[in-house]
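Please read the structure below before turning to the comments.
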Protein chains: 2
Amino acid sequence: MDRIDRKLLNLMQRDASRTNVDMAEEVGLSPSSCLRRVQRLRNSGIIDRIVAILNPTKAERRIKALITVELKLHGEQHMRRFLKIAVAEEAVSQAYAVTGETDVVLMLRLRDMEEFDALCERLFRDQTNVARFFTMMIIRTAKEETAIWL
Amino acid sequence: MDRIDRKLLNLMQRDASRTNVDMAEEVGLSPSSCLRRVQRLRNSGIIDRIVAILNPTKAERRIKALITVELKLHGEQHMRRFLKIAVAEEAVSQAYAVTGETDVVLMLRLRDMEEFDALCERLFRDQTNVARFFTMMIIRTAKEETAIWL
DNA sequence: CACGCCTTTGCAATAAAATTGCACAGATCT
DNA sequence: AGATCTGTGCAATTTTATTGCAAAGGCGTG
């Protein structure tokens, strides 16, 4: 994991659709040598996967919201049960167990408010062990970064 | 944007490293026809970009935290100024303006607590117009999805 | 329904890229 | 110094992407 590997990882986090030949030139290696590095980074698991990122405004699910959840009963199994339900929801894009007053934070991507309504119904009904929750609608996304710069 | 386009988008959000020939077979098209669809989806901007996703546990910045921020002065320019500062921080991976008691929510990716300390110093010092903030350390990541399933 | 128009498709040829074997250079350890 | 291991570039080979073209399907209009 030297300077060139880092350079490659940063390049590929920005744009993984470039050809190997192209990237090889940028990092100053021959195509074959560059390819072998990328393969090594993939096999080692440092590069987890290569994916397409859609433009959310051109796709569905334009509305984003954050929800903080306080559970009634804390403890491993209760936490696990709630997370399992939340994670199964398509509208839930991120789900975290956190420290502090709040137990769980969810990030939602919604088509419309009907979907929000239905989701709340499923997640926050009596039996699901939720004491209370706070919804924050996202007004503006100032940054949303999947990359980890090295 | 028909059934096959949606299928392609879902495929590529899962794994964009597959060859065109491979994907063509899966969606039941000839390679050339499939390629033209993908190119169209790219040119139209529905596919924003193709990127490598790193395994965070194998990279740096293992510690994640969420911060909710309440500003002293609300209003467009103050909000904008704070977001600008926050967004410039490498450790800030997501930044949102939200409705409710809280004004801003930040997602952090940290190397260690020293970095957290230094970041708070920069973001939450007097002149930056922050009334108060709450930190939630992320204990467990149950879901973290970049995809928008169609 | 017939017609023209537009889009999408598959095939085949071509161009470009990825992949592999191989020999060599540099670093490290003994 | 010698042995070993890793990484490199070159060249040959295989695989993939790309493009022209003719045909098929869909759609609205007369």
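It should be emphasised that the depicted structure is a prediction, and the values quoted were computed from it without experimental measurement. Naming: A, B, ... by sequence-line order, numbering from 1 per chain.
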### Whole angstrom value for the distance that separates P of C/dA16 from CD of B/Gln39
15 Å
### Summary
Shortest non-hydrogen pair, B/Leu106 vs B/Ala95, comes out as CD2-CB, 3.6 Å
### Task
Test for a donor-acceptor pair under 3.5 Å between the base of C/dC11 and the side chain of B/Ser30, counting only N and O atoms.
no
### Closest listed nucleotide, where the reference is the side chain of A/Ser32 and the choices are C/dG10, D/dG9, D/dA17
D/dG9
### Query
Would you call A/Asp117 and A/Arg122 a salt bridge, using N to O less than 4.0 angstrom?
no
### Message
How many whole angstroms separate atom CZ of A/Arg18 from atom C1' of C/dA18?
### Response
16 Å
#### Entry: Under 4.0 angstrom between A/Arg37 side-chain N/O and D/dT8 OP1 or OP2
yes
### Message
How close do A/Ala52 and B/Ile47 get, counting heavy atoms only, and between which atoms?
### Response
CB-CG2, 4.2 Å
### Summary
Regarding the side chain of B/Val21, the nearest nucleotide among D/dC10, C/dA18, D/dT16 is D/dT16
#### Entry: Value in whole Å for how far the C1' atom of C/dT8 lies from CG of B/Leu41
14 Å
### Query
Going through the checks in order, is the salt bridge (Lys or Arg N to Asp or Glu O under 4.0 Å) test met by B/Glu90 and B/Arg61?
CA-CA 10 Å; B/Glu90 278 219 333; B/Arg61 298 187 183 281; 3.4 Å; yes
### Atom pair distance, as rounded to whole Å: CD in A/Glu25 and P in C/dA16
15 Å
### Task
Mind calculating the distance between CG (B/Asn20) and C1' (D/dT16) to the nearest angstrom?
8 Å
## Note on the structure
note: B/Leu35, atom CG; D/dT15, atom P; distance rounded to Å ~ 19 Å
#### Entry: Rounded distance (Å) that lies between atom C1' of C/dT8 and atom CG of B/Asp5
11 Å
### Message
Is there a side-chain contact between A/Ser33 and the phosphate of D/dG9, meaning an N or O under 4.0 Å from OP1 or OP2?
### Response
yes
#### Entry: Polar side-chain contact A/Arg36-C/dG21 base: donor and acceptor under 3.5 Å
yes
### Message
Less than 4.5 Å apart, side chain to side chain, heavy atoms only: is that true for A/Val98 and B/Lys64?
### Response
no
### Interatomic distance where CG belongs to A/Asp22 and P belongs to C/dA17 [whole Å]
9 Å
